[in-house]
Structures are given as C-alpha cells and as structure tokens.
Q: 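My questions all concern the structure below.
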Amino acid sequence: MNANSLIEDLKARGLIAQMTNEEELVEHLAQGPVTLYCGFDPTADSLHLGHLVPLLMLKRFQDAGHRPIALVGGATGLIGDPSFKDQERQLNSEDVVRQWSDCLKAQISRFIDFSGEDGAVLANNYDWTANVDVLSFLRDIGKHFTVNKMIAKESVKQRIERDGSGLSFTEFTYQILQSYDFQQLNSLYNCTLQIGGSDQWGNIVGGIELTRRVNGAHAHALTLPLITKSDGTKFGKTEGGAVWLEAAKTSPYAFYQFWLQTPDADVYRFMKFFTFLPVEQIDAIEAEDRKREGRPQGQQVLAEEMTRLVHGEDALQAARRITEALFSGDLSSLSADDYAQLQLDGLPSSAVPAELSETPLTTLLVEAGMANSGKQVKDALQRNAVIVNDTACGMEQNMSAAELFSAANARFGKYFLVKLGKKKHHLFYLAD
RNA sequence: GGUGGGGUUCCCGAGUGGCCAAAGGGAUCAGACUGUAAAUCUGACGCGCAAGCUUCGGUGGUUCGAAUCCACCUCCCACCA
C-alpha cells in the first residue's frame, strides 16, 4: 500500500480525527518507511477496547511498511494524564504500575510483529525518565515550555477553569513528559510521527514542538476519533464494566457476544474502525444487509473478525459453539460431551452446592455470578425469566433449589443449564 | 490563617424535624414487541426469599422521633491574607 492509499484508506474508515499538514504527512510517508509511535499508559492490568483502535492503527502502519513503536508508559503511568479528565486521579504505586506495564507489553506483542531487525519496537518511557534529576528536567526540558501555552490547552482548560475541581502540578506536568517521550524517540529511533486518540492532540503537538526545538527535527501528528455509539452511551462498556482484551478478564465468549450485540446503527462503522476488511467489502455487506429482511449479517461478521483477531481462531470457534448451543433454542439436542465442551469453552459454570434446602434461588444465582443482587433474580423470577433446564421458574420455586437441582432433574445426571433473562447463561454441575 | 459555600443511595440532583429507603433524570437489570439490534411501552432499581436490617462525609449530642437541629472533626471549592 503506498502512502497516499494508506491515508486514503484511513480516511475512508473514518479513522482520522486530525492530522498535521496532510500533504506533508503523505509525502513523508511516501519517502520510505517511517517510524511512528503510540503510547499506552498502564492504568490497569490489561488493555481494553478503547486501546484497540490505536493499537490496530500501529498495525495498519506496519502492514503498510512502516515501523511502529509501542510505548508503554511506565513513567507517565505513574503521573496520570489529565487530558479531558474532570477529576484528579489516584496515584498508583510503582510496583503496581510496573506489574501492569508487563501485562500491557505481553498483550501488545500479540498484535504487532516485533521480530526482525526492522521490526517494531517495544519501548518504555521509564527507561529515559526515571533517572532524570529535577534540575536537569527543569533546565533542559522545562525551559522549552511556557506555562501560558500549557494552561491554554483545551485538554486541561476545564480543570483549570471549572469550579469544584483542581489540577495538581503533578498531572499538569504530564504533557511535558509526553512531549519528552516524542523527542527521545525521535533521537533514539528517528521517530517522526505520533498517533493517539483525539484527546491526545495537545500532548502530541507539544512533543512535535519540543522535538523541533531540541532536535531540530520535523515531526508529525495523527489522531484517531473517539469511538462513539449512536445512542450516546459510552462505547466498550458492558454490565460487568470494561471489555478487556485479556481472556481471563473478559472471556472470548463474552467478547464475541459483546460484538454480536452491536446496534445496527454502529456495526458498519465499527467494522471500518476495528477490522482489516477492505472498506469496499464492508460497504458491500452493508448494502446487502439493507436489502435483506430481518437479521443482518454485519454483527456476525464483526464478532467473528474481532474475536479471531484478539483471541485467535480456536477461541472464536469455542465462542461460536457456546453461542450456537445457547441461542439455537434447542437444548435437548446437546450431548453429554457437548455440556462438557461448553464448560471447556468458557461458559461460566460452577458446582451445585451440596446442601440446598435452605438456599433460595436468589442466593444461589447471585453466588454463581449471574446477578448482582437477589433483587434482580427476584425480579426475573416474578416474570418467569429464570429457566433451569428448560423449566421456567417463578417466585414460588424460590425455595425449591434442592429439588430443581437434584440428580433426578440433571441432564445426564450431572448438568443444569440455567438461563436468567434472554442472555445470561450459567452451567451448574453436580460435583462428583 | 480568615470568610463564605459545599460533601445525599452507581452518576447527576431534590429533600431543611415525623407522611423518607429518601422526588426527578441518567445508567443498569427484567418483561412485551423484535433480529441476542434500535425505538417504544411495562416493571425493578440499598440489602434480605421473608420477618426485617443498614444508609444521607465522620463522631457525639438535642428530641418520643434527625438526611434535616447543635457541637466538634474531616475533605472539597471560592475569595481574601
């Protein structure tokens, strides 16, 4: 893919929010492989969906022949980025941040190819920040920043002007640190492009300026749009919170389901953002869906692409098997092996407690993690929305757990598939 | 250090002595309708199957009774020094 078509493709996908001079950037990219970077601060032990777009963007550039640097913010993660945050954040301990940094490194490696001499680079800004002493920092770096400009940045303006919040000097300094990263990466790797979410524009531009002043080098910026949902709610959240890229935190099945439930109004847009399918193909799918009656195929395609990309082919197949079994409506067709497979595939499951005579269903299902409180289960019971092996249960069965979960009622003498509402499933099994 | 304003259930935000587990909105969950979509309508929404239990920054007090009054403490914000 040549430089122009890369940018053209990104535009067609709606993946570009802002760029520094487009012509210059296109020309720069055309002149040969460019080294670019994107930073990921360790704010948790896993990346989540919000990180995926920039991460994949690095991959898009790599696929187009450029060299990405994935920067883990071992240093910046200790400070906290105030950009567009309405509150000061809690500082995390160094140990925790270091641990999280390692987690992120492992994840990032799954998406980008770091092998080979010209392969991608995995960097950590802790390496060039930790040993800078205060005086050098203030004299060599701080001198290039005017507070006037720093305050004027849109990303911190709210915090400075708004009543009821403040901005600590610590967080205020963040933009200098990030600028320093860019300048360092420019020196170390001749990195000339930084990408990031559109909220990073201010920080990136700061880095461009510092790079010019200190290194005399010309650098570029490209930001990605914030992913929004058509209904205005926040993208990437489910009942359980963020959708993580780590299988242990968000199972491939849950991940697959998340994408499958994408609203029609968002699905084609998301396909352009998140998948590597050509834009024409996505447009074709959309056109086809428009013509067909009933259920569109977009969500299916999106869910498969994403699950395969993040968790791999095997995990995708497992997620599909579970989905097939649970939503086809016919549980009687499942064999004993199928039940065992569901469990292996990652359907949430737990053993039936030995003594149930005193345990209401509400408690049992809450303990299994199917609901947050007994009230929710009660609500479902009152509407006959709790189904144990195809038997709908009402409030009057609440104290009948022992009977419902008896060996006599178990499938293959062992399994109980419990459904709460339409979408929550849990496999109970009798312990041997 | 001074003065003033504020801290209410996941979030926003009413509530100034009983009728308050606490208005309203948002988020969320369930039901109907559908396509595991959206929109709409219905219900739930501190905890508990229930009896009942625990909340309104903290502690102590006044009172038959406090989120509401008093004292002290604490945190946040604004202005002043």
Side-chain angles (χ1 to χ4, degrees), chain A residues 85-90 158-168 228-243 253-271 285-286 288-304 307 319-331 347 356-367 369-387 392-404 417-426:
Chain A
K85 301 277 186 326
D86 52 9
Q87 266 189 332
E88 182 83 12
R89 287 193 289 172
Q90 194 84 45
Q158 187 192 1
R159 282 277 286 282
I160 289 172
E161 289 177 357
R162 187 184 147 181
D163 283 2
S165 70
L167 174 65
S168 69
T228 55
K229 288 213 309 184
S230 51
D231 63 4
T233 57
K234 214 169 177 188
F235 167 77
K237 292 272 193 262
T238 61
E239 191 197 347
V243 177
Y253 164 68
F255 189 82
Y256 179 81
Q257 285 287 323
F258 169 82
W259 291 106
L260 203 59
Q261 288 167 40
T262 305
D264 291 4
D266 296 320
V267 68
Y268 310 103
R269 211 160 43 92
F270 286 0
M271 266 195 259
I285 292 171
E286 182 173 5
E288 214 177 295
D289 279 347
R290 227 188 276 281
K291 275 186 270 173
R292 76 163 62 187
E293 295 280 314
R295 193 175 183 169
Q297 60 178 324
Q299 282 84 349
Q300 174 90 22
V301 174
L302 179 63
E304 290 187 8
T307 310
R320 289 188 55 172
R321 279 196 295 274
I322 298 176
T323 297
E324 182 68 24
L326 300 183
F327 291 93
S328 67
D330 184 16
L331 296 177
L347 177 67
L356 281 175
S357 57
E358 296 292 314
T359 312
L361 283 180
T362 47
T363 305
L364 183 66
L365 301 196
V366 168
E367 280 175 358
M370 292 190 77
N372 294 323
S373 72
K375 279 272 165 61
Q376 285 182 13
V377 179
K378 184 182 163 189
D379 182 43
L381 281 171
Q382 280 165 346
R383 288 159 179 269
N384 285 314
V386 173
I387 295 167
C393 301
M395 209 42 209
E396 64 280 5
Q397 261 105 16
N398 192 31
M399 295 310 294
S400 313
E403 190 189 324
L404 284 164
L417 199 50
V418 178
K419 202 169 141 182
L420 191 161
K422 278 182 217 156
K423 296 173 194 168
K424 288 179 202 158
H425 300 81
H426 194 94

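Remember, it's a predicted structure, so these values are computed and weren't measured experimentally. Just so it is clear: chains get the letters A, B, ... in the order the sequence lines come, proteins before strands, and each one is counted from 1.
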Q: Report yes if some heavy atom in the side chain of A:Leu361 is under 4.5 Å from a heavy atom in the side chain of A:Leu404; otherwise report no.
A: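 Yes, close enough: below the 4.5 Å cut-off.
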Q: If you look at every heavy atom in A:Tyr256 and A:Gln300, which pair is closest and at what distance?
A: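 Residues A:Tyr256 and A:Gln300, closest heavy atoms: OH-NE2, 3.4 Å.
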Q: Identify the two heavy atoms, one from A:Val301 and one from A:Met271, that lie closest to each other, and give their separation to 0.1 Å.
A: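 Scanning both residues, the minimum pair turns out to be CG1-SD, 4.1 Å.
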Q: Take atom NZ of A:Lys375 and atom C1' of B:U9, then tell me their distance rounded to the nearest Å.
A: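 So the two atoms are 13 Å apart, to the nearest Å.
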Q: How far does the C1' atom of B:U62 sit from the matching atom of B:A14, given to the nearest Å?
A: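 Their C1' atoms lie roughly 27 Å apart.
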Q: Would a 4.5 Å heavy-atom cut-off, applied to side chains only, mark A:Glu403 and A:Leu356 as touching?
A: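 No, every pair of side-chain atoms sits at 4.5 Å or beyond.
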Q: Taking atom C1' of B:C45 as reference, at what distance in whole Å does atom NZ of A:Lys378 sit?
A: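 So the two atoms are 12 Å apart, to the nearest Å.
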Q: Taking B:G13 as the reference, what is the distance to B:A22 when you measure between their C1' atoms (whole Å, please)?
A: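 It comes out at 13 Å once rounded to the nearest Å.
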Q: Can you tell me how far C1' in B:G31 sits from the matching atom in B:U74, rounded to whole Å?
A: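 B:G31 and B:U74 have their C1' atoms separated by 46 Å.
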Q: Please name the pair of heavy atoms, one in A:Ser230 and one in A:Asp266, separated by the smallest distance, quoted to 0.1 Å.
A: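 That would be N-OD1, 3.0 Å.
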Q: Which dot-bracket string fits RNA chain B when only Watson-Crick or G-U wobble pairs with both atom distances under 3.5 Å count, crossing pairs get [ ], and | stands for a partner on a different strand?
A: (((((((..(((.....[.....))).(((((.......))))).((....))...(((((..]....)))))))))))).
Q: With a 4.5 Å limit on heavy-atom distance, are the side chains of A:Tyr253 and A:Arg321 in contact?
A: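 They are not in side-chain contact.
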Q: Expressed in angstrom and rounded to an integer, what is the separation of A:Glu396 atom CD from B:C49 atom C1'?
A: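 The distance from CD of A:Glu396 to C1' of B:C49 comes to 12 Å, rounded to the nearest Å.
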Q: Could you tell me which non-hydrogen atom of A:Val386 sits nearest to which non-hydrogen atom of A:Ala380, and how far apart they are?
A: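 It is CG2-CB, 3.9 Å.
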Q: Say we look at B:G2 and B:C45: how far apart would their P atoms be, to the nearest angstrom?
A: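 Comparing P positions in B:G2 and B:C45 gives a spacing of 47 Å.
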Q: Rounding to the closest angstrom, what is the interatomic distance between B:A21 and B:U16 at atom P?
A: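 Going atom to atom, P in each nucleotide, I get 16 Å.
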Q: Could you pull out the closest heavy-atom pair between A:Asp264 and A:Gln299, with the gap in Å?
A: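 The pair with the smallest heavy-atom distance is OD1-NE2, 2.8 Å.
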Q: Tell me whether the side-chain N/O atoms of A:Thr363 come closer than 4.0 Å to OP1 or OP2 in B:C49.
A: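 Looking at the OP1 and OP2 atoms of B:C49, one of them is under 4.0 Å from a side-chain N or O of A:Thr363.
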Q: Reading nucleotides 33-38 of chain B 5' to 3', which nucleotides get B (base under 4.0 Å from a protein heavy atom), which S (sugar-phosphate only), which -?
A: BBBBB-
Q: Over all heavy atoms of both residues, which pair between A:Ala371 and A:Val377 is shortest? Give the atoms and the distance, please.
A: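 That would be CB-CG2, 3.7 Å.
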Q: Which whole number of Å gives the distance between the P atom of B:A32 and that of B:G58?
A: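 Going atom to atom, P in each nucleotide, I get 42 Å.
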Q: Between B:U28 atom P and A:Lys424 atom NZ, what is the distance in whole Å?
A: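 It works out to 12 Å between those atoms.
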Q: Between atom CD in A:Gln382 and atom C1' in B:A50, what is the gap in whole Å?
A: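 After rounding, the reported distance stands at 13 Å.
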Q: Once you round it to whole Å, what is the distance between C1' of B:C49 and CG of A:Leu404?
A: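 It works out to 14 Å between those atoms.
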Q: Using the C1' atom as the point on both nucleotides, what is the distance between B:A23 and B:A37, in whole Å?
A: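 Approximately 34 Å lies between the C1' atom of B:A37 and that of B:A23.
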Q: If I pick the C1' atom on B:C19 and the same atom on B:C70, what distance separates them, to the nearest angstrom?
A: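 25 Å, rounded to whole Å.
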Q: Atom CD of A:Glu358 and atom P of B:G48: how far apart are they, to the nearest Å?
A: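 To the nearest whole Å, that distance equals 17 Å.
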Q: State whether A:Asp379 and A:Arg383 are salt-bridged, where the test is any N-O pair (Lys NZ or Arg NE/NH1/NH2 against Asp/Glu carboxylate O) under 4.0 Å.
A: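 Judged by the 4.0 Å cut-off on N to carboxylate O distance, A:Asp379 and A:Arg383 do form a salt bridge.
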Q: Specify the separation, in whole Å, of atom CZ of A:Arg383 and atom C1' of B:C45.
A: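 That distance rounds to 12 Å.
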Q: On RNA chain B, nearest-nucleotide positions of A:Gly374 versus A:Asp379: which is more 5'?
A: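 Nearest nucleotide further toward 5': that of A:Asp379.
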